[in-house]
Protein chains: 2
Amino acid sequence: MTKQWVYRFDEVEAAEKATGSWEGVRSLLGGKGANLGDMTRIGAPVPPGFTISTEACNAYLAAGNTFPEGMWEQALEALKDTEKKTGKKFGDAGNPLLVSCRSGAKFSMPGMMDTVLNLGLNDETALGMIKLTNDDRFVYDSYRRLISMFGSVVLGIDDEAFEAPLDDYKEAKGIKADTDLSAEDWKALVETFKKVILKHKGFEFPQDPLEQLRMATEAVFSSWNGKRAIDYRRAANISDDLGTAVSIVTMVFGNMGSSSGTGVAFTRNPATGESKLYGEYLLNAQGEDVVAGIRNTSKITEMQNELPEAYQQFLDIVARLEKHYREMQDVEFTIERGKLWMLQTRNGKRTAAAAVKIAVDMVEEGLISKEEAVRRVETSQVDTLLHPQFDLEAQEEARSGGRVFATGVNASPGAAVGQIYFDADTAEAKAKEEKQEVIMVRPFTKPDDVHGMLAANGIVTSEGGATSHAAVVARQFGVPCIVGASEIKIDLSVRSMTAGGVVAKEGDWISVNGTTGEVFLGQIPTRTPEFEEQKELLTILQWADEIAARKDVRSGPEGFPTRGLMVWANADYPADARRARQYGARGIGLCRTEHMFFEQVRLPIVQRMILADTSEERTEALNELLPYQRADFAGLFEAMDGLPVIVRLIDPPLHEFLPELESLVEEVATMKATGKTEGLAEKEDMLRNVRSMHESNPMMGLRGVRLSIVMPEIVTMQVRAIFEAAADVTLKGIHAKPEVMIPLTGHINELNWIQPRLEKIAKAVMAEKKVEFPYKFGTMIEIPRAALTAGEIASVAEFFSYGTNDLTQMTFGYSRDDAERNFLLTYVEQGILPRNPFQSIDADGVGRLMEMGAREGRVTRPALEVGICGEHGGDPDSIKLCHAYGLNYVSCSPFRVPVARLAAAHAALGI
Amino acid sequence: MTKQWVYRFDEVEAAEKATGSWEGVRSLLGGKGANLGDMTRIGAPVPPGFTISTEACNAYLAAGNTFPEGMWEQALEALKDTEKKTGKKFGDAGNPLLVSCRSGAKFSMPGMMDTVLNLGLNDETALGMIKLTNDDRFVYDSYRRLISMFGSVVLGIDDEAFEAPLDDYKEAKGIKADTDLSAEDWKALVETFKKVILKHKGFEFPQDPLEQLRMATEAVFSSWNGKRAIDYRRAANISDDLGTAVSIVTMVFGNMGSSSGTGVAFTRNPATGESKLYGEYLLNAQGEDVVAGIRNTSKITEMQNELPEAYQQFLDIVARLEKHYREMQDVEFTIERGKLWMLQTRNGKRTAAAAVKIAVDMVEEGLISKEEAVRRVETSQVDTLLHPQFDLEAQEEARSGGRVFATGVNASPGAAVGQIYFDADTAEAKAKEEKQEVIMVRPFTKPDDVHGMLAANGIVTSEGGATSHAAVVARQFGVPCIVGASEIKIDLSVRSMTAGGVVAKEGDWISVNGTTGEVFLGQIPTRTPEFEEQKELLTILQWADEIAARKDVRSGPEGFPTRGLMVWANADYPADARRARQYGARGIGLCRTEHMFFEQVRLPIVQRMILADTSEERTEALNELLPYQRADFAGLFEAMDGLPVIVRLIDPPLHEFLPELESLVEEVATMKATGKTEGLAEKEDMLRNVRSMHESNPMMGLRGVRLSIVMPEIVTMQVRAIFEAAADVTLKGIHAKPEVMIPLTGHINELNWIQPRLEKIAKAVMAEKKVEFPYKFGTMIEIPRAALTAGEIASVAEFFSYGTNDLTQMTFGYSRDDAERNFLLTYVEQGILPRNPFQSIDADGVGRLMEMGAREGRVTRPALEVGICGEHGGDPDSIKLCHAYGLNYVSCSPFRVPVARLAAAHAALGI
């Protein structure tokens, strides 16, 4: 028996049996053939037809472009069956069957391969069609399309050869649009196109429909080895030996009178997710009319009145399709003389809100499992739902109206509108005192700008990259932010900025889209979704947490976490902690104590402490700071009642709290040159101090645990403040769980030196206050050497927290402050780096250290708590790696917590 | 049969048989007991005696301070044997035998355990001794020593209890020194000391000699578990269960008349190594008289006249001892009434020159193998032989004469004398034009000071640490250097420096000891050994090279080097390369091309190149630089004819070639404030440029391969210069082997981008010049990520060279420029770091990366050439690690090459 090369649409079961799986069917019949067969199987009225298999294609190509034995005979038989099912006849002038010939490989290769429509039309059948449709313009238009498609696709004639005479014709007639051409015009062009073929190929356009079909089939087969297709396969990493199938499908027409029509529909509302049919259709029209928007479409529901029978059938079919695919479907259909035909069905695209609602609804409808629902929602969709958004139409108007002032790096997502102010103090004053909406614009930002940044609705900088100070702080606090908008030139002396010749003055309104990186002139309306009100989102995240909490999602040696990742948050203030908890954080992974030092009231005390000549003076200033810190910590512990709070001891170099060297040099030089003596001595004194603390590479200088060993007074105060706060709230019935984190450890001996000294304070405070509560001492792992010697370090540290910002800096040798400006963005653009390693963990280098550190740390201490508190903790791809490395939690900015919760579940589900 | 607890000195063979090895004898009898036994065995006249074993000690301690069964009986028997051998009798007033009771564990624990001398003296035998010696002062002095030693060591009475009455006695008599006390005085004190014992212990000092011996033995056993001994064992990592042995040795006295004497001698000259007996002796004296220097000693050779028989015997015995130990011996001896007694022999300490000569001579004498000779010479000894040294007496005089001006970090060894100059230009001018000897003194140095540093005999800085710029450059060029001499305050405005109230003006003479870190006022004479003239050193290094070249010194998987380390040198100029080759370097591991950019003629062109607005202007400036670079490289290739030369492409950030930001800010501010406009625009322009290139952490900024990707013109010129030079010299018959090294690679794609572009230039030049020669392209491994992804990187790089300076910086996160000043020295002092990781490779962190990198690189490319060119390449401990990691070579400064050659051999020998 000859091999089966041809499968009718209703033979999909046979194909499945032959190949053993649905995957096999897709390989054999291509995506399109399989989809048409599948719709047919579940009873949807698909225009009859058949598919010539990919095996036939491969055999054809292997045999030097010869159909394999029996194939064409099987195709002709299937064609006969199609004629029988449609009651039409291929090449019959009275009731002609027209077909399309469509390519379809296993994987979608959009636009890469070829399709020919209207096969079966010739001079005779065209006349027959005119009789049937009473629409000679449509028929000649269809005919000329066949000839030009056939010419280009099958015969390989350049498109230009058909477009040129069409253009000439229109020019001669003074006609602009194709739609203005009449039936006579198209008829004339049919003749012209026939001549084009004769001229280029030396033979006539074939009038024999079977000849058309055979040649079209061969053309589709051959197109598999066309240059375009090969290039695409190389790029998309698709195997060359799959081959393409050819589907021959009966043409149906929605423009055959008032009982015909065509439309597209979604089984649910793709904007809101509401479970209600959503779509549009046109009576007596072709599919392309719906798309082209020439005529006003009707709502799909109106079909109920106009074509009630077809409508009922349609409702029934789409319900069945959705149930079959267990996904919202995007369908195309045509009604030819009252008869409904389903042309395509596929999973429908949707908004973020719809995606979440549909997923939740489908679980409730019993269509899918919770896992499947969580799987289907994308992290970027959750992100979208958390940030204010511009009204899309208004934004589009602003774009087309030339109101884009500049573009930069989309550093922190969301939309913001406000008046421009160019320094932190003014920005804060305007926002707080005059209740203005404020956008703070600066060349770049520094720690002492933070009060202005927090008061602003949005931030724009002309310098810096995605991990510059502005970007990091903005993401931390969820403030929309654009950095490195280098077109913008800021002139602080006249309080204005310029870009592309346009000037914006202080107080002018701008709108900032932190998601796209666009800065607009003027105001664009925004809308803000409330997290608490997004019930379906809360449900999805709840399920995500359940999935991540399962015991079966990871496996590993003893000490390996037996559940998936938890999500914690980085929060420096009680308000942040409350927000983090509201967003679902199960702990604080990083409280940066030095931010507290920058507050206006405290900074002078901090400076006094730094400049102290004796340890006594220093301790005196620290004693003044202690109550502030204690109050900060107490607030955090209250907000996180029952959950762990990791407090990091002071990290930055002390000169960050002093005035900047360069400005001081300038001031002193100017005072000296102009003979100004008042205050000169103080300035010079400060300059001396700043200079003595100046470091060539402060990032690798006297900071973190190094500072604490050289000058232990500060951390002594901090640990006392932490434990006094924890004791006080414990006595009030709160469950405080402090974890003290020592930053920048690179050698076990650093911990050996400092940790016992600090634990002594902890125990002393608990004894003084007569109270006990659980606590831990641990360390950041942010120095490569710490990861390389993690086995040793875990002998002292009770927990590790990967500081991946610094770890990335040191592992790559990239200074975060400089790299993006100088070469990193160039590296990413040129593909030297696949991604910015400060945004997504570099698995091969930084990730390798993380994996080693976690593994070897747990050999020493199986119960070691390992987390991440770097910027990467909120990045879904990085979260996947953290899951693989066996981390216990990721800690990210409060605003990223919901995204991270979903990402943690995705990691647990292995996607 | 009872166990043998006691071994006479002539029973060492039995002990060896019982324990199976010499190591076992040392364990059983302790170091001292074994040594006395060994001397006895080879026929040296050792005062008779015996050793009670460590096993007896352990049994005693285990049984709650009870002698094991049979031990004391064995000891008494051995004592009888000793009496027989000496013809004296223990406790006999007529001819009393006196003995010492000495502790001795397997490992030397100096001062930690106890010894009692003169056991056997009592009121009766003292009188007998007076008759025999005619020296009642000596006898009563000995007796009071016994009583006080016995009191403190055996009875545990505080030393103070004996010292106080002695002091009182002297004060009452108006006597200052013990030597002024007469026989009568000592006799009175004997009685006083007896009362002290009675008062403290309630019993009399035991007059029974056997009781003395028993109690002393118990005391030595118990001292093993004394606090001092336990603490010492903890610190020195000595096991607690070894126990101590007790040796009972006949006392011999060199002060028994004119046929008695005592002395110390070396079998060869410990200063020069000359093979001739060297030592001193005193007739009729005790050993302590020789040491105390109260009487003038005679040369050992005079003994030939005074005690010819004993001298001949002595010569014979020391020759035998040297032959036996195959090492120069340091011996102590006493002649009692014409009878020679050997009291001790041990390997003698010697100078560097002597060590080398003795090792070579002993090979020639057939005493030791070449391996043993190489093994015995220490790397620090080779180092000493390479640098000028101060005349030791003159230096000692300067020290005691208060001429030490200041001390600092001994950054580069050797002695230098010169006149002080405070800036590079003056230093160079004085040295070159006026042929002065110059010491350059600066707060710190920068790259543009190098011309002055090279012209100077020595360098002193008041700031910076052992890896500061000054230190690194000084070591590189072998200039003696002291850095961080923080007592020195330099006042450039009056051209002077002050320390401890003393002022030194420009032009004053100072002397600098870079080996000890001392700065002296005035001139101290020096002597400089010539490398080429040190025949024995050349021989040792020749043997070292042979050992390192052996195929059996390493083992590993395929691709692992099958010979030991080679030694290459870091050299930037042809003169350095020639010196390196003279010192035995087998290649250049690092030529830093940017040093060439700092030369006075070139710097303006370099600045023009950097500040160029267009790529054309830049290329034009580079075309001017090309002939300079080509000439530099041609000189290197000629000097290294036949050996590989690794040229590193430009590494530092470009702003290093421009003026400093801070001074520019100051200048511009001053000009503006004073209304000075002339040249202001240029200064402001330069300031803008410098500011735009300013980086927060330049060490991790735009440099190395990053700079070359962003601005490829410089390396394009450099590669052309390298290959044109190589081609030119090849045509002259020189064998050039250029290896082009790309610095700061962190990602394989950086090499993927740049290496093919550079290889294209290389091939183009060879085609133009119609010549071919071998070459390689490779990379520095100095970024942690490069080591972590070495497997990938080796797919492109043909060689690796570890840049351990930067690798240490990044792995620890320590900025070399700041760390030593701010915390690193504190860390080393406090033991937080065992060593400065910039001086010796940190095996656990940096070393682990090196090991991984070399291993994984070779998996990809088995023939990968792997070396090290960081400062560590000249450090013996680091060289050992490099051997273990399978590196092919170490590259160090030319002056360290001889040291490294020896260290490489030591590594090959597994020491």
Side-chain angles (χ1 to χ4, degrees), chain A residues 661-663 665-674 691 694-702 704 706-707 709-710 744 746-747 749-750 752-753 782-786 788-789 792 806 809-819 822-823 826-827 830-834 842 844-846 848-849, chain B residues 661-663 665-674 691 694-702 704 706-707 709-710 744 746-747 749-750 752-753 782-786 788-789 792 806 809-819 822-823 826-827 830-834 842 844-846 848-849:
Chain A
L661 177 63
E662 206 185 313
S663 351
V665 168
E666 199 170 345
E667 275 183 84
V668 168
T670 305
M671 287 174 87
K672 276 179 153 176
T674 54
R691 201 176 261 148
H694 184 73
E695 294 180 309
S696 313
N697 297 284
M699 190 55 70
M700 307 197 289
L702 186 59
R706 302 166 193 173
L707 178 62
I709 287 175
V710 172
L744 219 70
H747 197 289
N749 287 349
E750 291 174 315
N752 280 334
W753 193 95
E782 53 189 333
I783 295 286
R785 194 181 184 285
L788 288 162
T789 60
E792 275 188 336
D806 272 11
Q809 286 203 98
M810 311 281 181
T811 305
F812 275 89
Y814 290 170
S815 164
R816 249 198 305 169
D817 299 328
D818 309 310
N822 283 338
F823 62 86
T826 309
Y827 269 29
Q830 301 213 5
I832 291 173
L833 290 178
D842 156 57
D844 293 344
V846 177
R848 185 174 185 190
L849 285 177
Chain B
L661 177 63
E662 206 186 312
S663 352
V665 167
E666 198 170 345
E667 275 183 82
V668 168
T670 306
M671 287 174 88
K672 275 178 152 176
T674 53
R691 200 176 262 148
H694 184 72
E695 292 179 310
S696 313
N697 297 284
M699 192 54 71
M700 306 198 289
L702 185 60
R706 303 166 192 173
L707 177 63
I709 288 173
V710 171
L744 219 71
H747 197 290
N749 287 348
E750 292 174 315
N752 280 334
W753 194 95
E782 53 189 334
I783 296 286
R785 194 180 186 285
L788 289 161
T789 60
E792 275 188 336
D806 273 11
Q809 286 202 97
M810 312 281 180
T811 304
F812 275 88
Y814 290 170
S815 165
R816 249 199 304 171
D817 300 329
D818 308 311
N822 284 337
F823 62 86
T826 308
Y827 268 29
Q830 301 213 3
I832 291 172
L833 290 179
D842 156 58
D844 293 344
V846 176
R848 185 173 187 191
L849 285 177

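In what follows, chains are A, B, ... by sequence order, proteins preceding strands, each numbered from 1. Since the structure is predicted, the reported quantities are computational estimates derived from the model, not experimental observations.
Remark: side-chain polar atoms of A/Arg785 are not paired, donor with acceptor, to backbone N or O of B/Val846 under 3.5 angstrom. Of the possible donor and acceptor atoms, none in the side chain of A/Arg706 sits under 3.5 Å from a partner among the backbone N and O of B/Phe823. No donor-acceptor pair closer than 3.5 Å links the side chain of A/Asp818 to the backbone N or O of B/Gly701.
The shortest distance between side-chain heavy atoms of B/Met699 and A/Met699 does not fall below 4.5 Å. Side-chain contact between A/Leu788 and B/Thr811 is present, with heavy atoms from C-beta onward closer than 4.5 Å. Residues A/Tyr827 and B/Glu750 have side chains in contact (heavy-atom distance under 4.5 Å, counting atoms from C-beta outward). Here the side chains of A/Ile709 and B/Ile832 are in contact, with some heavy-atom distance below 4.5 Å. You'll find the side chain of A/Arg691 reaches within 4.5 Å of the side chain of B/Glu662, heavy atoms only. Side-chain contact between B/Leu833 and A/Asn749: absent, with no pair of heavy atoms (C-beta onward) separated by less than 4.5 Å. Counting only heavy atoms from C-beta outward, the side chains of B/Pro834 and A/His747 approach each other to under 4.5 Å.
Contact tally against chain A (heavy-atom pairs below 4.5 Å) for B/Val710, B/Val665, B/Leu849: the top residue is B/Val665. Of the listed residues (A/Gln809, A/Glu666, A/Arg848, A/Met671), the one with the most heavy-atom contacts under 4.5 Å to chain B is A/Arg848. Top candidate by heavy-atom pairs under 4.5 Å with chain B, chosen from A/Ser815, A/Gly831, A/Ala669, is A/Ser815. Most heavy-atom pairs under 4.5 Å with chain B, from the set A/Thr789, A/Val668, A/Asp844, A/Thr674: that is A/Asp844. Ranked by non-hydrogen atom pairs under 4.5 Å with chain B, the options A/Leu707, A/Asp842, A/Thr826 are led by A/Asp842. Chain A forms more heavy-atom pairs under 4.5 Å with one residue of B/Gly704, B/Ala786, B/Gly813, B/Ala673 than with any other, namely B/Gly813.
Using a 4.5 Å cut-off between heavy atoms, B/Gln830 touches chain A through its side chain atoms alone. Contacts between A/Asp806 and chain B at a heavy-atom distance below 4.5 Å are absent for every atom of the residue. In this structure, chain B has a heavy atom under 4.5 Å from the side chain of A/Glu792, while its backbone stays farther away. At a 4.5 Å heavy-atom cutoff, A/Glu667 makes no contact with chain B through either its backbone or its side chain. Proximity to chain B is limited to the side chain of A/Leu661, based on heavy atoms less than 4.5 angstrom apart.
Taking CG from B/Leu744 and CZ from A/Phe812, the interatomic distance works out to 12.5 Å, rounded to the nearest 0.5 Å.
Considering all non-hydrogen atoms of both residues, B/Pro698 and A/Ser696 come closest at CD-O, 3.3 Å.
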**Prompt:** Taking it one step at a time, do B/Asn822 and A/Glu695 satisfy side-chain contact (heavy atoms from CB on, under 4.5 Å)?
**Reply:** CA-CA 9 Å; B/Asn822 284 337; A/Glu695 294 180 309; 2.7 Å; yes

